*Asks:* 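Mind looking over this structure? Questions follow.
All values below were derived from every heavy atom in this structure, side-chain atoms included, with hydrogens, water molecules and symmetry-related copies excluded. Bear in mind the structure is a predicted one, so any value in this text is a computation, not a measurement.
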Amino acid sequence: GVARQYCGELGKQDNCQVAVTLSVASDLASLPIALRLYLPEPWANDKARRSKAGIPDGIEFQTKPRIALDQIRQAIADGVPKAVALADAGYGNDTAFRSGLTELGLEYVVGVQGSMTVWAPGTQPLPARTWSGRGRRTKLLRRDGNVKPVKVSELAKSLARRAWKTVRWRQGTKGDLVSRFAAVRIRPSHRDYWRAEPWPEEWLLVEWPEGEDAPAKYWLSTLPAGTPIATLVDTAKLRWRIERDFQDLKQEVGLD
């Protein structure tokens, strides 16, 4: 499954129409199977707007990642075969979305922003403090000035040159699509100071084209630890088919 948003500008920012969609895709074809308009919170809480637009009473505000999870959950209930879930950073940055995919039994390769923090390879939060015998026991993980997560953008820049591999993932209209990638095992760090156990390890995949001053894209993935970097890249880049779906939806179906 692939979840993302489409926004068509209608002249004013207030009138921007956003849809959350779900597609099924393979190397050979793709098919949109769900589309739902996103209702911004100001609209959801504005009775006059709701009445003028004819918004049904049962429709309440939901974030885009939550809508996407509902679409994926419904697709599974309808018998759509489970597969690796792909999404852009608008969804991948959302911890609840990623956790929801895992709870549904889906592996994922999702975009994230460079500002996301993770535990670098070989590091993790400190264990709970040893109980002194006074006060309440705690099982919560800790971090301090020396033991703390790092931004994925900083981690990427700290990787040794040998960590970067040149990978070709498919043939484009102007020849082979090739770039430099690095893949390392990390742990997400989101609010783990409220957890008793660290988040499980997963992949951080980074694209840094040769000659560029900074990395271009970042992904998190729960594909197995032994997954070759070429497979990680090929899977992450499968979203190009969905981008083409959106061009067709905008131009031929009229969503623009």
*Asks:* With side chains defined as the heavy atoms from C-beta onward, is the minimum distance between T21 and P32 less than 4.5 Å?
*Replies:* no
*Asks:* State whether the side chain of R142 and the backbone N or O of P125 hold a donor-acceptor pair below 3.5 Å, judged by distance alone.
*Replies:*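 It does not hold such a pair.
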*Asks:* Any sub-3.5 Å donor-acceptor pair from D88's side-chain atoms to G90's backbone N or O?
*Replies:* yes
*Asks:* Supply the atom-to-atom distance N93 CG to Q113 CD, rounded to the nearest 0.5 angstrom.
*Replies:* 4.0 Å
*Asks:* Using the rule salt bridge (Lys or Arg N to Asp or Glu O under 4.0 Å), only one of E207, E210, E212 pairs with R180; which is it?
*Replies:* E210
*Asks:* Kindly write out the residues that satisfy side-chain contact (heavy atoms from CB on, under 4.5 Å) with R185, not counting sequence neighbours, or none if the list is empty.
*Replies:*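 Per chain and number, R185 pairs via side-chain contact (heavy atoms from CB on, under 4.5 Å) with E201, W203, A225.
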*Asks:* Atom CG in D234, atom CD1 in I229: separation rounded to 0.5 Å?
*Replies:* 12.5 Å
*Asks:* Under a plain distance cut-off of 3.5 Å, with no hydrogens placed, do S189 and T117 share a side-chain donor-acceptor pair?
*Replies:* yes
*Asks:* Apply side-chain contact (heavy atoms from CB on, under 4.5 Å) to the pair Q247 and K250, showing each step before the final yes or no.
*Replies:* CA-CA 5 Å; Q247 291 301 316; K250 287 191 291 184; 3.5 Å; yes
*Asks:* Holding to salt bridge (charged side-chain N to carboxylate O under 4.0 Å, His left out), I want the full list of residues that pass it with R195, two or more places apart in sequence or in another chain.
*Replies:* none
*Asks:* Any idea which heavy atoms bring I186 and P121 closest together, and the distance?
*Replies:*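 Minimum heavy-atom contact is CG2-CD, 3.9 Å.
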*Asks:* On a heavy-atom basis, which atom in A25 and which in I242 lie closest, and how many Å separate them?
*Replies:*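 Of all heavy-atom pairs spanning A25 and I242, the closest is CB-CD1, 4.0 Å.
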*Asks:* Take T235 and L238 through the test side-chain contact (heavy atoms from CB on, under 4.5 Å) and record every step on the way to the result.
*Replies:* CA-CA 5 Å; T235 307; L238 185 60; 5.7 Å; no
*Asks:* Relative to the ring of F97, is the ring of Y91 parallel (under 30°), tilted (30 to 60°) or perpendicular (over 60°)?
*Replies:* tilted
*Asks:* Using atom types as modelled and distance alone, determine if a side-chain donor or acceptor of S51 lies under 3.5 Å from a backbone N or O of K47.
*Replies:*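 A pair under 3.5 Å: no.
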*Asks:* Just by modelled atom types, is the H190 backbone N or O under 3.5 Å from a matching donor or acceptor in the W199 side chain?
*Replies:*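 Looks like yes, one N/O pair under 3.5 Å.
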*Asks:* Would V178 and W240 show up in the same hydrophobic cluster when neighbours are defined by side-chain heavy atoms closer than 4.5 Å?
*Replies:* no
*Asks:* Donor-acceptor pairs are to be reported for all side-chain atoms of residues 99-111 against protein atoms at under 3.5 Å, with residues two or more places apart or in another chain.
*Replies:*
from : atom 1 : to   : atom 2 : distance (Å)
S99  : OG     : T95  : O      : 3.1
T102 : OG1    : R98  : O      : 3.3
Y108 : OH     : E202 : OE1    : 2.9
Y108 : OH     : E202 : OE2    : 3.2

*Asks:* Under 3.5 Å, side chain of R50 to main-chain N/O of A44, donor-acceptor pair present?
*Replies:* yes
*Asks:* What is the minimum heavy-atom distance between D245 and S23, and which atoms define it?
*Replies:* OD2-OG, 3.6 Å
*Asks:* So how far is it from L35 CG to I33 CD1, rounded to the nearest 0.5 Å?
*Replies:* 11.5 Å
*Asks:* Is atom NZ of K237 surrounded by more than 12 heavy atoms (other residues, nucleotides or ligands) closer than 6.0 Å?
*Replies:*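 Counting neighbours around NZ of K237, more than 12 heavy atoms of other residues, nucleotides or ligands fall under 6.0 Å, so yes.
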*Asks:* If we only count heavy atoms from C-beta on, is the Y38 to I67 side-chain gap below 4.5 Å?
*Replies:*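 Result yes, sub-4.5 Å side-chain heavy-atom pair found.
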*Asks:* With side chains defined as the heavy atoms from C-beta onward, is the minimum distance between D192 and R143 less than 4.5 Å?
*Replies:*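 Contact flag for D192/R143 side chains = yes.
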*Asks:* Is there a side-chain contact between L205 and S221, using heavy atoms and a 4.5 Å cut-off?
*Replies:*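 Result no, sub-4.5 Å side-chain heavy-atom pair not found.
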*Asks:* Could you give all pairs that pass the ring-ring contact (aromatic ring centres under 6.0 Å, His included) test and reach residues 156-175, with sequence neighbours left out?
*Replies:*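 Qualifying pairs: W164-W208, W169-F181.
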*Asks:* Start with the C-alpha gap between D70 and R73, add the side-chain angles, then the distance that decides, and say whether side-chain contact (heavy atoms from CB on, under 4.5 Å) holds.
*Replies:* CA-CA 5 Å; D70 284 349; R73 193 175 290 112; 2.9 Å; yes
*Asks:* Atom CD of E41 and atom CG of D46: how far apart are they, to the nearest 0.5 Å?
*Replies:*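 Reported to 0.5 Å precision, the distance equals 12.0 Å.
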*Asks:* Please tabulate, for the side chains in residues 148-163, all donor-acceptor contacts under 3.5 angstrom to protein atoms that are two or more places apart in sequence or on a different chain.
*Replies:*
from : atom 1 : to   : atom 2 : distance (Å)
S153 : OG     : G114 : O      : 3.2
S158 : OG     : L155 : O      : 2.7

*Asks:* If you define the side chain from C-beta out and look only at heavy atoms, does anything of V233 sit under 4.5 Å from W219?
*Replies:* no
*Asks:* Report the distance from atom OG of S30 to atom CZ of R239, rounding to the nearest 0.5 Å.
*Replies:*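 That separation rounds to 12.0 Å.
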*Asks:* Are V147 and L141 co-members of a hydrophobic cluster defined by side-chain heavy atoms under 4.5 Å apart?
*Replies:* no
*Asks:* From T123 OG1 over to L126 CG, what is the distance, rounded to the nearest 0.5 angstrom?
*Replies:*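 Going from OG1 on T123 over to CG on L126, the span is 10.0 Å.
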*Asks:* Taking ILVMFWY side chains as joined if any heavy atoms are under 4.5 angstrom apart, and letting links pass through other members, which residues group with Y193?
*Replies:* L140, W194
*Asks:* Is it true that L69 and V18 fall in one hydrophobic cluster, defined by side-chain heavy atoms closer than 4.5 Å?
*Replies:* yes
